[in-house]
Every structure is written in structure tokens, then in C-alpha cells.
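Here is the structure we will look at, set down as C-alpha cells.
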Amino acid sequence: DVKVTQSSRYLVKRTGEKVFLECVQDMDHENMFWYRQDPGLGLRLIYFSYDVKMKEKGDIPEGYSVSREKKERFSLILESASTNQTSMYLCASRSPREGYNSPLHFGNGTRLTVT
Amino acid sequence: RKEVEQDPGPFNVPEGATVAFNCTYSNSASQSFFWYRQDCRKEPKLLMSVYSSGNEDGRFTAQLNRASQYISLLIRDSKLSDSATYLCVPLVGDKLIFGTGTRLQVFP
């Protein structure tokens, strides 16, 4: 069974703080993703990574950066947290080697509150 | 036009009912499709992949109509535990595109 682990379930940070959200997967998946989910807006893609040291902007990258130094770990960084970044953050991984029907596997989410 | 459109619901149905959800997608290059379910304040979990010929998994049946660019999910004999939000998810390139989901509430 694929395991995607996010380091924190709940996080409270102050405006202006630098925030790191960590995600680790144990199935050697090439692709990793960061989404945020807000009521009425569904899941929106922030950044994704095809492989180590590769990253691409998703639909809403502003205010975020990412790091993928090792295949199993994909970090999301909020350089200077703002209140509009209060949200549920979901990490996911997938292996395109398994074919078109290989699904995304999600971590259990980090609920971030910025005060 | 949104990439994925779903009726947000809620669909309120009694136990034992049959309920169907539709979803339309805009990108004709979508290669494959999934249905995910998401419980309140939890992460989405894969319900089933959708194959071109349609497929069934127990009480759940998924259909794909590429010509009309829509996907459906049929749930038979609804259970209270089926109450959740159902997300329609096409794959475009290496990205899965999520709709906002359809909420189902099954009542006794």
C-alpha cells in the first residue's frame, strides 16, 4: 500500500513567518504534487514535480515555492505566510510508469491557519 | 468554461436508493479518468478508475462518453456510509484535474 505522509496534521503560524510543509512517499513515485483545498473552490494545484530537482508551477503558485532534493520528499514553502494562505494543504504522489490509470495517492492533509 | 463541471448537490437520498452523478470535462486530450470520494475534512480517496467500456465495482458503475465528454457514476443500494463528496478527475498529461465535487447525503 502506498503511503504518503505529511509531517503535520494541524499547524498555526503567524503572518510573515516562513513555513515548511513536508511530504514523504514510500513507493518510489516520480510525480509529486501539492494542492490546496478551500470551500467551494475544490482542489487547486500549487506546484508539481516530475522527478528529483524538477518542478513546475501549477495553477496558483504565487506566494509558494517547492523543493525536491530527494525522490521521496517534496516540500512546500511559504516564504512569508499570509492570512489568505489559511487552507487545507494536500500532498499527493503518482507513478506514470504504472500507466494512464495509475491514480494519485494523497497524504492526510495539513490544515494550516495563519493568524 | 471550467475544466471539470459537476453539480455540487447536495443529493439527499434514502438508504437503498439508486443515485447517479454526471461530470463534464473540457479537455478532449484527457487520457484517463477517475472518481474519488472525499469525506468531510479528510483527504480524497480513490473510488474507481473509469475505463472506456465502462466498469463496475460492486454497487458502483462508472461510464465514460468521450464523444460528449462526460463521465457518470451510478451508486446502487445506497448506504449511509456512502455519504461523502464525489470528485470527478480527468488526467491531462501528468496532471489530474479536480472538479469541486458532488455532495451526497444518504438518510435512514
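Here the structure is a predicted model, which is why all the values come from computation and not from measurement. Numbers restart at 1 for each chain; the letters A, B, ... are given by sequence-line order, proteins then strands.
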Residue part contacting chain B, namely of P103(A), when any heavy atom lies under 4.5 Å: both
Contact origin within L104(A) toward chain B - heavy atom pairs under 4.5 Å: both
Chain A contact via L96(B) - which portion, at a heavy-atom distance below 4.5 Å: both
R103(B), CZ: over 12 other non-hydrogen atoms inside 6.0 angstrom: no
Which portion of R44(A) sits near chain B, non-hydrogen atoms under 4.5 angstrom: neither
Largest heavy-atom contact set with chain B, pairs under 4.5 Å, which of P96(A), G109(A), G107(A): G107(A)
ILVMFWY network linking I77(A) to V24(A), side-chain heavy atoms under 4.5 angstrom: no
Per-residue contact mode, L43(A) against chain B (heavy atom under 4.5 angstrom): both
R41(B) atom CZ, over 12 foreign heavy atoms within 6.0 Å: no
Q37(A) versus chain B, the contacting section by heavy-atom distance below 4.5 Å: side chain
Ring pair (Phe, Tyr, Trp, His ring centres under 6.0 Å) between F98(B) and F106(A), worked out: CA-CA 13 Å; F98(B) 285 82; F106(A) 284 91; 5.8 Å; yes
In one Ile/Leu/Val/Met/Phe/Trp/Tyr side-chain cluster, 4.5 Å: V19(B), L47(B): yes
Cluster link L78(A) to I46(A), ILVMFWY, side chain under 4.5 Å: yes
Under 4.5 Å from any heavy atom of chain B - which part of N31(A): side chain
Backbone N/O of D94(B) and side chain of Y50(A): donor-acceptor pair under 3.5 Å: no
Under 4.5 Å from a heavy atom of chain B, the part of S95(A) involved: neither
Heavy-atom neighbours of F60(B) CZ exceed 12 at 6.0 Å: yes
